[in-house]
Amino acid sequence: MALLKCSNAAFAYDGHTAVEGLTFSVSSGDYLCIVGENGSGKSTLMKGLLGLKAPSAGSIETGDGLIAAEIGYLPQQTQVQKDFPASVEEVVLSGRAGRPRAAPAGKRNALSAWRPYYGRSDKAIARDNMERLGILPLRHRCYRELSGGQQQRVLLARALCATKSLLLLDEPTAGLDPMATRDLYRLIAEVNAQGLTVIMVSHDIGAAVQYATHILHLQQRQLFFGTTAEYLTSPEGMRFIDRTEFAAEGVEFNV
Amino acid sequence: MFSTLAEMFQYTFLVRAVVVGVLVSLCAALLGVSLVLKRYSMIGDGLSHVGFGSLAIATAMNAAPLAVAVPVVVLAAFLLLRLSENSKIKGDAAIALISTSALAIGVAVISLTTGMNTDVCNYMFGSILAMSKADVALSLILGSSVLVLFALFYHRIFAVTFDENFAKATGIKTGLYNMLIALLTAVTIVLGMRMMGAMLISALVIFPALTSMRVMKKFKSVTICSAVVSVVCFFCGVVLSYLTNMPTGASVVIFNLAVFLGFWAAAKLLPSMKERKTAL
Ligand SMILES: Nc1ncnc2c1ncn2[C@@H]1O[C@H](COP(=O)(O)OP(=O)(O)OP(=O)(O)O)[C@@H](O)[C@H]1O
Ligand SMILES: [Mg+2]
(Lines give C-alpha, C1' and ligand atoms only; values in the text may rest on other atoms or scores of the structure.)
(Ligands and ions follow the chains in the order given, each with its own letter.)
Protein backbone atom coordinates (compact mmCIF):
# COMPACT_ATOMS: atom_id res chain seq x y z
CA MET A 1 0.00 0.00 0.00
CA ALA A 2 1.14 3.54 -0.72
CA LEU A 3 2.45 5.84 1.98
CA LEU A 4 -0.02 8.55 1.00
CA LYS A 5 -3.00 8.42 -1.29
CA CYS A 6 -5.12 11.37 -2.39
CA SER A 7 -8.45 10.55 -4.02
CA ASN A 8 -10.13 13.44 -5.82
CA ALA A 9 -9.26 15.70 -2.89
CA ALA A 10 -9.96 19.44 -2.84
CA PHE A 11 -9.11 22.23 -0.41
CA ALA A 12 -11.02 25.42 0.18
CA TYR A 13 -10.64 28.61 2.21
CA ASP A 14 -13.97 29.95 3.46
CA GLY A 15 -15.85 28.06 0.77
CA HIS A 16 -13.60 29.24 -2.07
CA THR A 17 -11.85 26.26 -3.60
CA ALA A 18 -8.10 26.83 -3.78
CA VAL A 19 -7.17 23.56 -5.45
CA GLU A 20 -9.18 20.52 -6.57
CA GLY A 21 -9.10 17.23 -8.42
CA LEU A 22 -6.08 15.88 -6.57
CA THR A 23 -5.63 12.20 -7.34
CA PHE A 24 -2.16 10.80 -6.77
CA SER A 25 -0.25 8.48 -4.52
CA VAL A 26 3.21 8.46 -3.00
CA SER A 27 5.06 5.23 -2.26
CA SER A 28 7.82 4.70 0.22
CA GLY A 29 11.14 5.97 -1.19
CA ASP A 30 9.59 8.28 -3.80
CA TYR A 31 10.83 11.82 -4.41
CA LEU A 32 7.79 13.85 -5.45
CA CYS A 33 8.15 17.42 -6.66
CA ILE A 34 5.10 19.68 -6.63
CA VAL A 35 5.36 22.44 -9.22
CA GLY A 36 3.09 25.24 -10.38
CA GLU A 37 2.80 29.00 -10.47
CA ASN A 38 2.26 31.31 -7.50
CA GLY A 39 -1.14 30.76 -5.95
CA SER A 40 -1.67 27.42 -7.68
CA GLY A 41 -2.33 25.67 -4.35
CA LYS A 42 1.00 24.02 -3.55
CA SER A 43 1.31 25.21 0.03
CA THR A 44 -2.36 24.49 0.56
CA LEU A 45 -1.86 20.88 -0.50
CA MET A 46 1.13 20.66 1.85
CA LYS A 47 -1.03 21.76 4.76
CA GLY A 48 -3.50 19.07 3.76
CA LEU A 49 -0.84 16.37 3.66
CA LEU A 50 0.35 17.46 7.11
CA GLY A 51 -3.14 17.24 8.54
CA LEU A 52 -3.19 20.98 9.30
CA LYS A 53 -6.09 21.47 6.89
CA ALA A 54 -8.96 19.09 6.23
CA PRO A 55 -9.93 18.42 2.59
CA SER A 56 -13.22 20.04 1.55
CA ALA A 57 -13.92 17.07 -0.74
CA GLY A 58 -12.37 13.70 -1.47
CA SER A 59 -9.94 12.05 0.90
CA ILE A 60 -6.30 11.70 1.91
CA GLU A 61 -5.32 8.31 3.24
CA THR A 62 -2.07 7.44 4.92
CA GLY A 63 -0.73 3.91 4.86
CA ASP A 64 2.31 1.87 5.74
CA GLY A 65 1.93 2.80 9.39
CA LEU A 66 2.76 6.46 8.72
CA ILE A 67 2.06 8.49 11.82
CA ALA A 68 2.36 12.20 12.41
CA ALA A 69 5.23 11.65 14.81
CA GLU A 70 7.35 10.51 11.87
CA ILE A 71 6.83 13.44 9.51
CA GLY A 72 9.45 16.12 9.06
CA TYR A 73 8.30 19.48 7.72
CA LEU A 74 10.01 22.59 6.44
CA PRO A 75 7.43 25.35 6.08
CA GLN A 76 7.57 28.00 3.34
CA GLN A 77 7.35 30.75 5.91
CA THR A 78 7.66 30.33 9.61
CA GLN A 79 5.83 32.91 11.59
CA VAL A 80 8.47 33.01 14.26
CA GLN A 81 8.38 36.37 15.92
CA LYS A 82 11.26 38.75 15.52
CA ASP A 83 12.11 38.79 19.20
CA PHE A 84 11.80 35.08 20.03
CA PRO A 85 14.70 34.02 22.22
CA ALA A 86 15.89 30.58 21.15
CA SER A 87 19.29 29.09 20.38
CA VAL A 88 19.93 27.07 17.21
CA GLU A 89 20.34 23.97 19.34
CA GLU A 90 17.00 24.48 21.08
CA VAL A 91 15.24 24.91 17.73
CA VAL A 92 16.82 21.82 16.16
CA LEU A 93 16.14 19.68 19.22
CA SER A 94 12.49 20.74 19.20
CA GLY A 95 12.15 18.51 16.12
CA ARG A 96 12.39 15.62 18.57
CA ALA A 97 9.70 16.92 20.94
CA GLY A 98 6.82 15.10 19.29
CA ARG A 99 8.59 11.78 18.98
CA PRO A 100 7.85 8.99 21.39
CA ARG A 101 10.77 7.30 23.08
CA ALA A 102 11.98 4.15 21.35
CA ALA A 103 10.61 1.56 23.75
CA PRO A 104 11.60 -2.10 23.53
CA ALA A 105 9.26 -3.95 21.17
CA GLY A 106 6.26 -5.42 22.92
CA LYS A 107 6.50 -2.97 25.79
CA ARG A 108 5.19 -0.15 23.63
CA ASN A 109 2.33 1.61 25.27
CA ALA A 110 1.45 5.25 25.54
CA LEU A 111 2.94 5.65 28.99
CA SER A 112 6.28 3.97 28.45
CA ALA A 113 6.70 5.86 25.18
CA TRP A 114 6.17 9.24 26.81
CA ARG A 115 9.12 11.06 28.22
CA PRO A 116 9.56 14.58 29.51
CA TYR A 117 13.18 15.16 28.45
CA TYR A 118 15.39 14.58 25.44
CA GLY A 119 17.46 11.46 25.72
CA ARG A 120 21.03 10.90 24.64
CA SER A 121 19.88 9.54 21.26
CA ASP A 122 17.81 12.69 20.61
CA LYS A 123 20.83 14.86 21.28
CA ALA A 124 23.03 12.69 19.06
CA ILE A 125 20.52 12.90 16.20
CA ALA A 126 20.29 16.67 16.57
CA ARG A 127 24.07 16.94 16.56
CA ASP A 128 24.41 14.74 13.46
CA ASN A 129 21.88 16.80 11.56
CA MET A 130 23.50 20.08 12.55
CA GLU A 131 26.82 18.71 11.39
CA ARG A 132 25.31 17.48 8.11
CA LEU A 133 23.97 20.98 7.37
CA GLY A 134 27.08 22.77 8.50
CA ILE A 135 25.43 24.64 11.34
CA LEU A 136 27.19 22.93 14.23
CA PRO A 137 29.41 25.99 14.84
CA LEU A 138 26.25 28.11 15.12
CA ARG A 139 24.55 25.93 17.71
CA HIS A 140 24.83 28.39 20.59
CA ARG A 141 23.85 31.38 18.48
CA CYS A 142 20.50 33.04 18.77
CA TYR A 143 18.14 31.84 16.02
CA ARG A 144 16.66 35.26 15.32
CA GLU A 145 20.09 36.78 14.68
CA LEU A 146 20.98 34.41 11.82
CA SER A 147 20.71 35.22 8.11
CA GLY A 148 17.70 33.95 6.17
CA GLY A 149 19.70 31.15 4.59
CA GLN A 150 21.16 30.05 7.91
CA GLN A 151 17.70 30.04 9.47
CA GLN A 152 16.47 27.88 6.60
CA ARG A 153 19.19 25.33 7.30
CA VAL A 154 18.34 25.31 10.99
CA LEU A 155 14.71 24.57 10.15
CA LEU A 156 15.76 21.80 7.76
CA ALA A 157 17.89 20.25 10.50
CA ARG A 158 14.85 20.38 12.76
CA ALA A 159 12.73 18.70 10.08
CA LEU A 160 15.31 15.94 9.62
CA CYS A 161 15.32 15.39 13.39
CA ALA A 162 11.59 14.80 13.32
CA THR A 163 11.43 12.10 10.68
CA LYS A 164 12.55 8.66 9.66
CA SER A 165 10.05 8.16 6.86
CA LEU A 166 8.58 11.28 5.24
CA LEU A 167 10.07 14.72 4.68
CA LEU A 168 7.86 17.57 3.39
CA LEU A 169 9.60 20.69 2.11
CA ASP A 170 7.92 23.87 0.93
CA GLU A 171 10.44 25.76 -1.23
CA PRO A 172 13.45 24.85 0.86
CA THR A 173 15.90 26.83 -1.27
CA ALA A 174 14.14 30.18 -0.96
CA GLY A 175 16.75 32.69 0.15
CA LEU A 176 19.77 30.43 -0.34
CA ASP A 177 22.74 31.37 -2.53
CA PRO A 178 23.41 29.17 -5.62
CA MET A 179 26.10 27.12 -3.86
CA ALA A 180 23.96 26.51 -0.80
CA THR A 181 21.01 25.68 -3.09
CA ARG A 182 23.02 23.03 -4.93
CA ASP A 183 24.32 21.59 -1.65
CA LEU A 184 20.82 21.45 -0.27
CA TYR A 185 19.42 19.62 -3.33
CA ARG A 186 22.27 17.12 -3.07
CA LEU A 187 21.62 16.62 0.59
CA ILE A 188 17.92 16.02 -0.02
CA ALA A 189 18.76 13.56 -2.80
CA GLU A 190 21.11 11.83 -0.38
CA VAL A 191 18.55 11.40 2.41
CA ASN A 192 16.09 10.23 -0.24
CA ALA A 193 18.61 7.63 -1.41
CA GLN A 194 18.87 6.46 2.19
CA GLY A 195 15.19 5.59 2.09
CA LEU A 196 13.44 8.77 3.22
CA THR A 197 10.38 9.67 1.16
CA VAL A 198 10.55 13.30 0.02
CA ILE A 199 7.72 15.59 -1.06
CA MET A 200 9.01 18.99 -2.11
CA VAL A 201 7.39 22.14 -3.44
CA SER A 202 9.76 23.88 -5.80
CA HIS A 203 9.83 26.74 -8.27
CA ASP A 204 13.07 25.39 -9.66
CA ILE A 205 11.78 23.15 -12.46
CA GLY A 206 15.34 22.28 -13.50
CA ALA A 207 16.14 20.81 -10.09
CA ALA A 208 12.73 19.17 -9.98
CA VAL A 209 13.24 17.16 -13.15
CA GLN A 210 16.85 16.43 -12.22
CA TYR A 211 16.18 14.93 -8.78
CA ALA A 212 12.53 13.94 -8.48
CA THR A 213 11.11 10.54 -9.37
CA HIS A 214 7.57 11.95 -9.69
CA ILE A 215 6.09 15.31 -10.60
CA LEU A 216 2.76 16.79 -9.56
CA HIS A 217 1.81 19.91 -11.52
CA LEU A 218 -0.92 22.11 -10.04
CA GLN A 219 -2.88 25.00 -11.47
CA GLN A 220 -5.79 25.43 -9.03
CA ARG A 221 -6.40 21.81 -10.03
CA GLN A 222 -4.20 18.87 -10.88
CA LEU A 223 -2.72 19.29 -14.38
CA PHE A 224 -0.33 16.37 -14.31
CA PHE A 225 0.79 13.54 -12.09
CA GLY A 226 3.28 10.88 -13.15
CA THR A 227 6.93 9.99 -13.29
CA THR A 228 9.51 12.59 -14.26
CA ALA A 229 10.19 10.83 -17.57
CA GLU A 230 6.49 10.95 -18.47
CA TYR A 231 6.35 14.62 -17.45
CA LEU A 232 9.21 15.60 -19.77
CA THR A 233 7.32 14.24 -22.77
CA SER A 234 3.84 15.38 -21.70
CA PRO A 235 2.31 18.51 -23.27
CA GLU A 236 1.91 20.20 -19.83
CA GLY A 237 5.48 19.48 -18.94
CA MET A 238 6.95 20.69 -22.22
CA ARG A 239 4.90 23.85 -22.11
CA PHE A 240 5.80 24.63 -18.48
CA ILE A 241 9.49 23.93 -18.94
CA ASP A 242 9.62 26.00 -22.11
CA ARG A 243 7.93 28.89 -20.42
CA THR A 244 10.03 28.86 -17.27
CA GLU A 245 13.23 28.57 -19.28
CA PHE A 246 12.12 31.48 -21.42
CA ALA A 247 11.42 33.44 -18.26
CA ALA A 248 14.81 32.54 -16.84
CA GLU A 249 16.51 33.76 -20.01
CA GLY A 250 14.55 36.98 -19.78
CA VAL A 251 15.91 37.48 -16.29
CA GLU A 252 19.43 36.96 -17.53
CA PHE A 253 18.88 39.55 -20.25
CA ASN A 254 17.76 42.10 -17.70
CA VAL A 255 20.83 41.65 -15.54
CA MET B 1 17.84 45.11 57.33
CA PHE B 2 18.35 41.71 58.93
CA SER B 3 16.57 42.76 62.07
CA THR B 4 13.62 43.80 59.90
CA LEU B 5 13.56 40.38 58.27
CA ALA B 6 13.87 38.64 61.63
CA GLU B 7 11.00 40.75 62.94
CA MET B 8 8.85 39.99 59.87
CA PHE B 9 9.32 36.27 60.08
CA GLN B 10 8.23 36.13 63.68
CA TYR B 11 4.71 36.34 62.33
CA THR B 12 3.63 32.96 61.01
CA PHE B 13 1.00 34.51 58.76
CA LEU B 14 3.71 36.52 57.05
CA VAL B 15 5.87 33.45 56.60
CA ARG B 16 2.92 31.64 55.01
CA ALA B 17 2.18 34.60 52.76
CA VAL B 18 5.77 34.78 51.61
CA VAL B 19 5.94 31.04 50.90
CA VAL B 20 2.76 31.15 48.81
CA GLY B 21 3.87 34.35 47.12
CA VAL B 22 7.23 32.94 46.14
CA LEU B 23 5.56 29.86 44.68
CA VAL B 24 3.04 31.94 42.73
CA SER B 25 5.74 34.31 41.45
CA LEU B 26 7.70 31.32 40.22
CA CYS B 27 4.69 29.84 38.39
CA ALA B 28 3.71 33.18 36.91
CA ALA B 29 7.22 33.86 35.63
CA LEU B 30 7.58 30.44 33.98
CA LEU B 31 4.19 30.58 32.27
CA GLY B 32 4.73 34.24 31.43
CA VAL B 33 7.55 33.45 29.02
CA SER B 34 5.25 31.33 26.89
CA LEU B 35 2.27 33.70 27.22
CA VAL B 36 4.26 36.76 26.22
CA LEU B 37 5.85 34.99 23.24
CA LYS B 38 2.51 33.64 22.07
CA ARG B 39 1.06 37.15 22.33
CA TYR B 40 -1.36 35.95 24.99
CA SER B 41 -0.46 38.61 27.57
CA MET B 42 -3.98 39.99 27.40
CA ILE B 43 -5.37 36.67 28.57
CA GLY B 44 -3.63 37.10 31.91
CA ASP B 45 -5.18 40.52 32.29
CA GLY B 46 -8.63 39.28 31.29
CA LEU B 47 -8.43 36.38 33.71
CA SER B 48 -7.55 38.56 36.66
CA HIS B 49 -10.66 40.68 36.05
CA VAL B 50 -12.82 37.58 35.82
CA GLY B 51 -11.15 36.49 39.06
CA PHE B 52 -12.12 39.75 40.69
CA GLY B 53 -15.74 39.31 39.64
CA SER B 54 -15.89 35.78 40.99
CA LEU B 55 -14.25 36.76 44.30
CA ALA B 56 -16.85 39.48 44.74
CA ILE B 57 -19.66 37.00 44.12
CA ALA B 58 -18.06 34.45 46.44
CA THR B 59 -17.87 37.06 49.21
CA ALA B 60 -21.49 38.05 48.66
CA MET B 61 -22.56 34.39 48.90
CA ASN B 62 -20.28 33.78 51.88
CA ALA B 63 -18.57 30.98 49.97
CA ALA B 64 -14.89 30.01 50.12
CA PRO B 65 -13.21 32.45 47.71
CA LEU B 66 -10.77 30.05 46.04
CA ALA B 67 -13.35 27.29 45.63
CA VAL B 68 -15.50 29.64 43.54
CA ALA B 69 -12.78 31.54 41.71
CA VAL B 70 -10.65 28.61 40.54
CA PRO B 71 -13.33 26.86 38.42
CA VAL B 72 -14.79 30.13 37.09
CA VAL B 73 -11.42 31.46 36.00
CA VAL B 74 -10.40 28.12 34.47
CA LEU B 75 -13.58 28.18 32.37
CA ALA B 76 -12.89 31.77 31.40
CA ALA B 77 -9.35 30.79 30.39
CA PHE B 78 -10.62 28.18 27.93
CA LEU B 79 -13.10 30.69 26.53
CA LEU B 80 -10.47 33.41 26.12
CA LEU B 81 -8.10 30.95 24.48
CA ARG B 82 -10.76 30.04 21.94
CA LEU B 83 -11.42 33.71 21.25
CA SER B 84 -7.79 34.61 20.71
CA GLU B 85 -7.15 31.56 18.52
CA ASN B 86 -10.02 32.63 16.31
CA SER B 87 -8.63 35.89 15.04
CA LYS B 88 -11.62 36.50 12.81
CA ILE B 89 -13.83 37.65 15.65
CA LYS B 90 -11.22 40.09 16.89
CA GLY B 91 -9.80 38.21 19.85
CA ASP B 92 -8.39 41.22 21.68
CA ALA B 93 -11.64 43.17 21.53
CA ALA B 94 -13.54 40.12 22.82
CA ILE B 95 -11.11 39.74 25.71
CA ALA B 96 -11.53 43.40 26.61
CA LEU B 97 -15.33 42.94 26.57
CA ILE B 98 -15.20 39.95 28.88
CA SER B 99 -12.73 41.48 31.32
CA THR B 100 -14.51 44.81 31.68
CA SER B 101 -17.87 43.04 32.04
CA ALA B 102 -16.49 40.81 34.79
CA LEU B 103 -15.08 43.87 36.56
CA ALA B 104 -18.41 45.71 36.30
CA ILE B 105 -20.33 42.71 37.65
CA GLY B 106 -17.86 42.40 40.52
CA VAL B 107 -18.15 46.08 41.44
CA ALA B 108 -21.97 45.96 41.14
CA VAL B 109 -22.21 42.91 43.42
CA ILE B 110 -19.93 44.50 46.01
CA SER B 111 -21.74 47.81 46.11
CA LEU B 112 -25.10 46.04 46.48
CA THR B 113 -23.87 43.84 49.34
CA THR B 114 -20.93 44.85 51.51
CA GLY B 115 -20.35 48.24 49.94
CA MET B 116 -16.97 49.64 48.96
CA ASN B 117 -14.70 49.00 51.94
CA THR B 118 -11.04 48.18 52.60
CA ASP B 119 -11.67 44.55 51.57
CA VAL B 120 -12.43 45.80 48.08
CA CYS B 121 -9.27 47.86 48.03
CA ASN B 122 -7.37 44.72 49.02
CA TYR B 123 -8.96 42.74 46.19
CA MET B 124 -7.93 45.39 43.71
CA PHE B 125 -4.39 46.11 44.84
CA GLY B 126 -3.38 43.26 47.10
CA SER B 127 -2.61 42.64 50.73
CA ILE B 128 -0.23 40.29 52.52
CA LEU B 129 -2.87 39.60 55.11
CA ALA B 130 -5.29 38.08 52.61
CA MET B 131 -4.43 34.40 53.06
CA SER B 132 -6.32 32.16 55.47
CA LYS B 133 -4.82 28.87 56.62
CA ALA B 134 -6.98 26.80 54.28
CA ASP B 135 -6.08 29.08 51.37
CA VAL B 136 -2.42 28.56 52.09
CA ALA B 137 -2.76 24.76 52.01
CA LEU B 138 -4.70 24.83 48.73
CA SER B 139 -2.27 27.32 47.23
CA LEU B 140 0.70 25.16 48.09
CA ILE B 141 -0.87 22.08 46.47
CA LEU B 142 -2.01 23.88 43.30
CA GLY B 143 1.16 25.93 43.00
CA SER B 144 3.42 22.89 43.23
CA SER B 145 1.30 21.06 40.64
CA VAL B 146 1.74 23.99 38.26
CA LEU B 147 5.51 23.81 38.75
CA VAL B 148 5.66 20.05 38.27
CA LEU B 149 3.49 20.13 35.13
CA PHE B 150 5.55 22.96 33.67
CA ALA B 151 8.77 21.04 34.29
CA LEU B 152 7.38 17.82 32.77
CA PHE B 153 6.06 19.56 29.65
CA TYR B 154 8.85 22.12 29.25
CA HIS B 155 10.15 20.88 25.90
CA ARG B 156 6.73 20.51 24.36
CA ILE B 157 5.73 23.92 25.64
CA PHE B 158 8.82 25.31 23.89
CA ALA B 159 7.95 23.49 20.64
CA VAL B 160 4.35 24.73 20.69
CA THR B 161 5.41 28.27 21.57
CA PHE B 162 8.12 28.46 18.92
CA ASP B 163 6.23 27.03 15.94
CA GLU B 164 2.73 25.74 16.50
CA ASN B 165 2.23 24.47 12.94
CA PHE B 166 5.41 22.42 12.97
CA ALA B 167 4.59 21.02 16.38
CA LYS B 168 1.13 20.02 15.20
CA ALA B 169 2.44 18.45 11.99
CA THR B 170 4.96 16.37 13.92
CA GLY B 171 2.39 14.87 16.21
CA ILE B 172 2.26 17.17 19.23
CA LYS B 173 -1.28 17.77 20.40
CA THR B 174 -1.01 21.54 20.28
CA GLY B 175 -4.61 22.17 21.31
CA LEU B 176 -3.99 20.17 24.48
CA TYR B 177 -0.84 22.13 25.32
CA ASN B 178 -2.53 25.47 24.70
CA MET B 179 -5.24 24.36 27.10
CA LEU B 180 -2.64 23.23 29.61
CA ILE B 181 -0.96 26.64 29.47
CA ALA B 182 -4.33 28.38 29.88
CA LEU B 183 -5.27 26.10 32.78
CA LEU B 184 -2.00 26.62 34.63
CA THR B 185 -2.22 30.37 34.04
CA ALA B 186 -5.76 30.49 35.41
CA VAL B 187 -4.78 28.64 38.57
CA THR B 188 -1.70 30.81 39.09
CA ILE B 189 -3.65 34.02 38.64
CA VAL B 190 -6.36 33.05 41.11
CA LEU B 191 -3.79 32.00 43.69
CA GLY B 192 -1.79 35.20 43.39
CA MET B 193 -4.70 37.54 42.97
CA ARG B 194 -5.52 38.36 46.55
CA MET B 195 -1.97 39.00 47.55
CA MET B 196 -1.11 40.95 44.38
CA GLY B 197 -4.52 42.42 43.64
CA ALA B 198 -6.75 41.87 40.63
CA MET B 199 -5.48 45.00 38.91
CA LEU B 200 -1.82 44.10 39.29
CA ILE B 201 -1.48 40.31 39.13
CA SER B 202 -0.97 40.25 35.37
CA ALA B 203 2.24 42.25 35.89
CA LEU B 204 3.62 39.18 37.66
CA VAL B 205 3.07 37.22 34.46
CA ILE B 206 4.35 39.78 31.97
CA PHE B 207 7.19 41.70 33.63
CA PRO B 208 9.72 38.94 34.40
CA ALA B 209 9.54 37.50 30.86
CA LEU B 210 9.92 40.90 29.20
CA THR B 211 12.73 41.80 31.57
CA SER B 212 14.78 38.68 30.83
CA MET B 213 14.16 38.97 27.09
CA ARG B 214 16.11 42.25 27.13
CA VAL B 215 19.40 40.41 27.70
CA MET B 216 18.89 36.65 27.39
CA LYS B 217 18.81 34.96 24.01
CA LYS B 218 18.01 31.35 24.77
CA PHE B 219 14.59 30.10 25.78
CA LYS B 220 16.10 28.25 28.71
CA SER B 221 18.04 31.22 30.05
CA VAL B 222 15.02 33.48 29.59
CA THR B 223 12.95 31.00 31.60
CA ILE B 224 15.48 30.69 34.41
CA CYS B 225 16.20 34.41 34.52
CA SER B 226 12.45 35.19 34.68
CA ALA B 227 12.04 32.85 37.61
CA VAL B 228 14.91 34.46 39.53
CA VAL B 229 13.82 38.02 38.74
CA SER B 230 10.24 37.26 39.72
CA VAL B 231 11.10 35.69 43.08
CA VAL B 232 13.61 38.39 44.00
CA CYS B 233 11.19 41.19 43.10
CA PHE B 234 8.40 39.54 45.04
CA PHE B 235 10.54 39.20 48.11
CA CYS B 236 11.75 42.81 48.01
CA GLY B 237 8.19 43.94 47.34
CA VAL B 238 6.84 42.14 50.39
CA VAL B 239 9.47 43.66 52.64
CA LEU B 240 8.70 47.14 51.28
CA SER B 241 5.00 46.50 51.73
CA TYR B 242 5.59 45.43 55.35
CA LEU B 243 7.70 48.49 56.11
CA THR B 244 5.49 51.09 54.46
CA ASN B 245 1.99 49.56 54.62
CA MET B 246 1.83 49.90 50.85
CA PRO B 247 -0.44 47.36 49.08
CA THR B 248 1.74 44.33 48.27
CA GLY B 249 0.80 44.31 44.60
CA ALA B 250 1.96 47.88 44.11
CA SER B 251 5.31 47.41 45.81
CA VAL B 252 6.06 44.16 43.91
CA VAL B 253 5.19 45.78 40.57
CA ILE B 254 7.41 48.77 41.39
CA PHE B 255 10.37 46.46 41.96
CA ASN B 256 9.57 44.63 38.72
CA LEU B 257 9.49 47.93 36.86
CA ALA B 258 12.83 48.97 38.34
CA VAL B 259 14.51 45.70 37.33
CA PHE B 260 12.97 45.92 33.86
CA LEU B 261 14.39 49.40 33.37
CA GLY B 262 17.74 48.20 34.66
CA PHE B 263 17.88 45.30 32.20
CA TRP B 264 16.69 47.50 29.38
CA ALA B 265 19.40 50.06 30.08
CA ALA B 266 22.01 47.32 30.38
CA ALA B 267 21.06 45.92 26.96
CA LYS B 268 21.21 49.39 25.41
CA LEU B 269 24.33 50.66 27.11
CA LEU B 270 26.55 47.61 26.97
CA PRO B 271 27.18 47.06 23.24
CA SER B 272 29.35 44.06 24.11
CA MET B 273 26.15 42.31 25.16
CA LYS B 274 24.80 42.69 21.67
CA GLU B 275 27.94 41.66 19.87
CA ARG B 276 28.63 38.54 21.86
CA LYS B 277 28.99 35.65 19.50
CA THR B 278 27.45 33.04 21.75
CA ALA B 279 24.06 33.63 23.20
CA LEU B 280 23.37 33.16 26.86
N1 LIG C 1 -4.98 31.45 4.77
C2 LIG C 1 -5.61 31.65 3.60
N3 LIG C 1 -6.84 32.19 3.57
C4 LIG C 1 -7.50 32.39 2.41
N5 LIG C 1 -7.01 32.06 1.21
C6 LIG C 1 -5.78 31.52 1.15
C7 LIG C 1 -5.00 31.28 2.34
N8 LIG C 1 -3.83 30.72 2.00
C9 LIG C 1 -3.86 30.62 0.66
N10 LIG C 1 -5.02 31.09 0.15
C11 LIG C 1 -5.39 31.11 -1.28
O12 LIG C 1 -5.30 29.80 -1.79
C13 LIG C 1 -4.68 29.84 -3.07
C14 LIG C 1 -3.49 28.91 -3.11
O15 LIG C 1 -2.51 29.39 -2.22
P16 LIG C 1 -1.17 28.61 -1.90
O17 LIG C 1 -0.50 29.29 -0.75
O18 LIG C 1 -1.47 27.17 -1.75
O19 LIG C 1 -0.34 28.85 -3.24
P20 LIG C 1 1.12 28.35 -3.62
O21 LIG C 1 0.98 27.46 -4.77
O22 LIG C 1 1.82 27.81 -2.41
O23 LIG C 1 1.82 29.72 -4.07
P24 LIG C 1 3.33 30.21 -3.89
O25 LIG C 1 4.09 29.66 -5.04
O26 LIG C 1 3.23 31.69 -3.98
O27 LIG C 1 3.82 29.74 -2.58
C28 LIG C 1 -4.33 31.29 -3.36
O29 LIG C 1 -5.30 31.80 -4.24
C30 LIG C 1 -4.42 31.97 -2.04
O31 LIG C 1 -4.91 33.28 -2.18
MG1 LIG D 1 3.41 28.32 -1.30
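What's counted below: heavy atoms across the whole structure, side chains too, no hydrogens, waters or symmetry copies. Chain identifiers are assigned alphabetically (A, B, ...) following the order of the sequence lines, protein sequences preceding nucleic acid strands; residue numbering begins at 1 within each chain.
Closest approach of B:Thr170 and A:Ala162 over heavy atoms only: CG2-CB, 3.7 Å. Taking all atoms of both residues into account, the shortest heavy-atom contact from B:Ala169 to A:Leu52 is N-CD2, 4.1 Å. Summarising the geometry of A:Gly95 relative to B:Phe166, their closest heavy-atom pair is CA-CE2, 3.9 Å, with the distance given to 0.1 Å. Of all heavy-atom pairs spanning B:Lys220 and A:Glu90, the tightest one is N-OE2, 2.9 Å. In terms of heavy atoms, A:Gly98 sits closest to B:Ile172 at CA-CG1, 3.4 Å.
Taken to the nearest 0.5 Å, the CG atom of B:Asn165 stands 7.5 Å off from the NZ atom of A:Lys47. Considering SG of A:Cys142 and CZ of B:Phe219, their distance stands at 13.0 Å, rounded to 0.5 Å.
With a 4.5 Å cut-off on side-chain heavy atoms, B:Val33 and A:Pro85 do not count as touching. For the pair A:Arg144 and B:Lys217, the minimum side-chain heavy-atom distance is below 4.5 Å.
Between A:Tyr143 and B:Phe162, a ring centre-to-centre spacing shorter than 6.0 Å is recorded.
Annotation for A:Lys53: atom NZ counts as buried by contact number, over 12 foreign heavy atoms lying within 6.0 Å. Around the CZ atom of A:Arg132, the shell of radius 6.0 Å holds more than 12 heavy atoms that belong to other residues, nucleotides or ligands.
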**OP:** Check the pair A:Phe84, B:Thr161 against side-chain contact (heavy atoms from CB on, under 4.5 Å), reporting the backbone distance first and the verdict last.
**Re:** CA-CA 9 Å; A:Phe84 200 107; B:Thr161 309; 3.7 Å; yes
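Classified by interplanar angle (parallel below 30°, tilted 30° to 60°, perpendicular above 60°), the ring pair A:Tyr117/B:His155 is perpendicular.
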